[in-house]
Amino acid sequence: MTDARLTAREYAFFGLGLLFWAGFVILLGKDTSWDFRNYHWYGPYALLHHRMAMDVAVAHQASYYNPYLDVPFYWLATHTRAWIALGVLGAVQGANMIPLYLMARSALRVQASPSDQKIMAGALALLGQVGALTLTEFGTTYYDNVMSVLVLAGLAILVLNREALRIGPLGRAAVLSAAAGLLTGMAMGLKLPEMPFCVGFAGALVALGGDWKHQGTRLVAGGLAGVAGFLIFSGPWMLYMYHLTGNPLFPYFNEYWRSPLALPAPYRDLRFVPAHFWRQLFFPILFTLDWHVADDLGFQDIRVCIAYLLVIAAAAVWLVRRESRDPLLDKRVTGVLFAFCALSYFEWLKTFAIYRYVILFEMISPLLIIGAVGLLPAARKSRYLMLGAIAACCLLSARSDFLERAPVEDPYVQAALPPIPRPDHTMVLMTGDAPMGFIATTLPEQIPVLRIDGWMVQPRDGTLITRDMMRRVKAQLAGGGDLYLIADAGDMPRAHDALADYHLAIRWPECQQFDTNLIGTYQWCPLAKKT
C-alpha cells in the first residue's frame, strides 16, 4: 500500500490542477444557461435583499428554492471582478480531482512502483474530470460538480480509512463515519437532488464489513451526522418556507402539504423517470444512445454505460465466486464503490432520472471500470489491454456540447432598461416561460416584480397566489401607480392574453426592446387598464 502521507509533488499536482480548471473556466466565459438566467442569480439576490414577500414567482418554481448554495458565487461576482468569481468557481469544481486521486492512490493494486502508481492515480483523477457533461458544467452554476466535491470527499474518508472503520476502535470509527456523513448530508441540504447519494452512502457504510458493533456504530454515527448536515443547510430555509407558504418544500409535493398558494400537484419534473421495467433496466444504454432520454443538456459519453454493464458482469462473477484472485483494485474498496453507486443509481432512477444530477458517476466511472475489470477471471495482461481499449473508446467517442457563454466583463449582470420615471410608484409584471429572474436584479430595489404567467402560475389557475397578485395589481392601478411589462421579445402574444385576464392592455406604441450582457432580447412595455 502506498504511503498515506502526501509528497510535495502531489501537493503541486493539486495546486496546478486547480489553477488549470480556474483558467479553463475564465477562458470559457460567463454562464448564460437557462437556470442561471432563471434563478441562480435571482435567488441569492432575493434572499440578501429581502424580496421573498415582495416579489412573486419571478423565477417560476425556482423562486422558492433554497438559495444558500448560490450566495458565495453571487457575493464574489458582485463584490469582486467577474474573472475572480469565475476562477474561484472553476477551482472549486476542479477540486473533484483531489478525492478521486486519493481514492485511486489508496486502492490501486497494479504491479508498479509507488511513484508509477501515483502517476496512474493522477491519470485516473484527470480522466474522471473529462466526462462529456462534466466538461460542459465547468463554469456553470448548476452546481452538480460542486456538490460532488462534498460527496466524493465523504466517500474518500470511507475508502482511505476502511480498516479503521471495519476493525478499529469504535470511537474512531464513529468519528470518521460522522465526518463522512456530515459532508454527504451537507450536499443534500444545499441541493436536494443529491439525496440519492445519501442512500448510496448508507450502502457504502454497510459494504465496509466488520462485526455488528462496527456496523451499527458506523450507521448510527454516519446517519445522525448526515441528518445534522442536511438540517444545517436546509432546515432554516424549510422552516421559513413553511411559515411563508404552509409547505416546507413549496411548491413541490403540494398534493400532500395542500398549501392554498399553489395547486394540489407535485410540481416535479417527471419527464425522464422511466415507468416500465425494461426501460429501467436498459436506461444507461438508452441515454448513451440518445441524451434526450435523460437530460435537456446535450452530451455524448459511453463511460457510465460501460461501467454499468461491467459492474453487473463483475457482480455476477463475484456472486458465483469465480472472480480473479489478482484484482486491480482493492476488493473492499471495489465493494464499497459498487454498493455506493448501485444504491445511488436505483434511488436516482426512481426519483429524478436526470443525468446531470449524477455526473458524479462520470467522475467515478474510471475507478468502477478498473474495479469491475479487475474482478474478471482473465490474465492481468488481458485486463490491461481491455482497460486501454475502454479508455480509448471513451475519450474518442465523448462529445461535450458547451453552452453559449458571454464575455467576462463587469458588472456581472447588466440590462439596458429604459429610464423609469417613478420607481417608487412602479410595479413590473412578467409573463411567459422565458428565464428572466436575472433581469429583476437590475431594477431599482423598491420595484416589486410579479410573474403573473409562467410554469408555476397562470391567470386562471384559481390559486391563492394568483388571487393575491390580482389584488395587488388592482390596488396599484387604484393608487395611481405605474405598471410595466417585461417579456421575451418573441412571446408577446402570450403576454397579451395573460394581461387580458388581469384587465390590462399593452400600450404598444410605447414598447421598447432591450437586451442584456448575457443573452436574449426582451420587451419593456407600459400597461394601462383595459377598457
Side-chain angles (χ1 to χ4, degrees), residues 34-35 60-61 131-134 136-137 142 144 147-148 151 188 191-204 206-207 249 251-257 263-320 337-365 368-369 372 390 393-394 397-399 401 433 455-456:
W34 199 99
D35 281 10
H60 308 287
Q61 292 98 312
L133 202 59
T134 303
T136 296
E137 283 208 17
Y142 289 110
D144 304 299
M147 294 300 93
S148 58
V151 177
M188 180 182 170
K191 187 177 173 71
L192 289 178
E194 299 298 302
M195 180 268 293
F197 297 122
C198 294
V199 178
F201 175 74
V206 173
L249 298 172
Y252 294 107
F253 302 104
N254 206 49
E255 73 272 35
Y256 304 115
W257 291 99
L263 298 171
Y267 285 92
R268 290 174 54 214
D269 186 353
L270 300 173
R271 292 174 297 158
F272 304 112
V273 176
H276 303 293
F277 170 76
W278 291 110
R279 190 171 180 83
Q280 294 171 346
L281 181 63
F282 294 108
F283 199 60
I285 299 174
L286 296 175
F287 66 62
T288 299
L289 296 174
D290 180 9
W291 58 266
H292 296 88
V293 170
D295 216 311
D296 290 322
L297 300 179
F299 70 95
Q300 180 62 55
D301 202 311
I302 64 175
R303 67 177 66 198
V304 174
C305 178
I306 289 177
Y308 176 77
L309 296 174
L310 284 174
V311 166
I312 292 174
V317 169
W318 200 346
L319 286 174
V320 297
L337 296 180
F338 281 14
F340 171 80
C341 291
L343 290 180
S344 298
Y345 171 78
F346 287 127
E347 184 59 35
W348 165 82
L349 187 68
K350 180 180 68 175
T351 310
F352 302 110
I354 298 174
Y355 182 83
R356 69 178 178 84
Y357 289 170
V358 287
I359 61 167
L360 180 148
F361 286 168
E362 281 191 356
M363 301 178 194
I364 208 169
S365 284
L368 287 175
I369 291 170
I390 291 172
C393 289
C394 288
S397 63
R399 187 198 74 241
D401 291 347
D433 293 337
W455 279 358
M456 182 180 167

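Side chains are part of it too, since the values below use all heavy atoms of this structure and drop only hydrogens, waters and symmetry mates.
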Problem - Exceeds 12 heavy-atom contacts within 6.0 angstrom, atom CZ of Phe272 - result: yes
Problem - Within 6.0 Å of CH2 in Trp318, more than 12 heavy atoms from elsewhere - result: yes
Between [X] and [Y], is the ring centroid distance below 6.0 Å?
X      : Y      : result
Tyr252 : Tyr267 : no
Phe197 : Phe201 : no
Tyr308 : Phe361 : no

Practice task
Taking Asp35 for its side chain and Tyr142 for its backbone only, find out whether a donor-acceptor pair lies under 3.5 Å.
Solution key: no
Problem - Test item: Gln300 side-chain N/O and Ala398 main-chain N/O as donor-acceptor pair under 3.5 Å - result: no
Exercise for the section: Please work out which of the three classes, parallel, tilted or perpendicular, describes the rings of Phe283 and Phe287, given edges at 30° and 60°. Expected result: perpendicular
Practice task
Would you mind checking if Arg356 and Asp296 are paired as a salt bridge, meaning a charged N to carboxylate O distance below 4.0 Å?
Solution key: no
Exercise for the section: Answer yes or no: is there an ion pair linking Asp144 with Lys191, defined by an N-O contact shorter than 4.0 Å? Expected result: yes
Handout entry: Val151 side chain near Leu360 side chain, heavy-atom distance below 4.5 Å
Key = yes
Practice task
Could you check if a side-chain atom of Leu310 sits within less than 4.5 angstrom of a side-chain atom of Leu368, using non-hydrogen atoms only?
Solution key: no
Exercise for the section: Looking only at non-hydrogen atoms, find the nearest pair between Ser344 and Gly200 and report the distance. Expected result: OG-CA, 3.2 Å
Handout entry: Closest non-hydrogen atom pair between Trp291 and Leu297, with its separation
Key = CE3-O, 3.3 Å
Exercise for the section: Report the distance from atom OG of Ser148 to atom CD1 of Ile359, rounding to the nearest 0.5 Å. Expected result: 6.0 Å
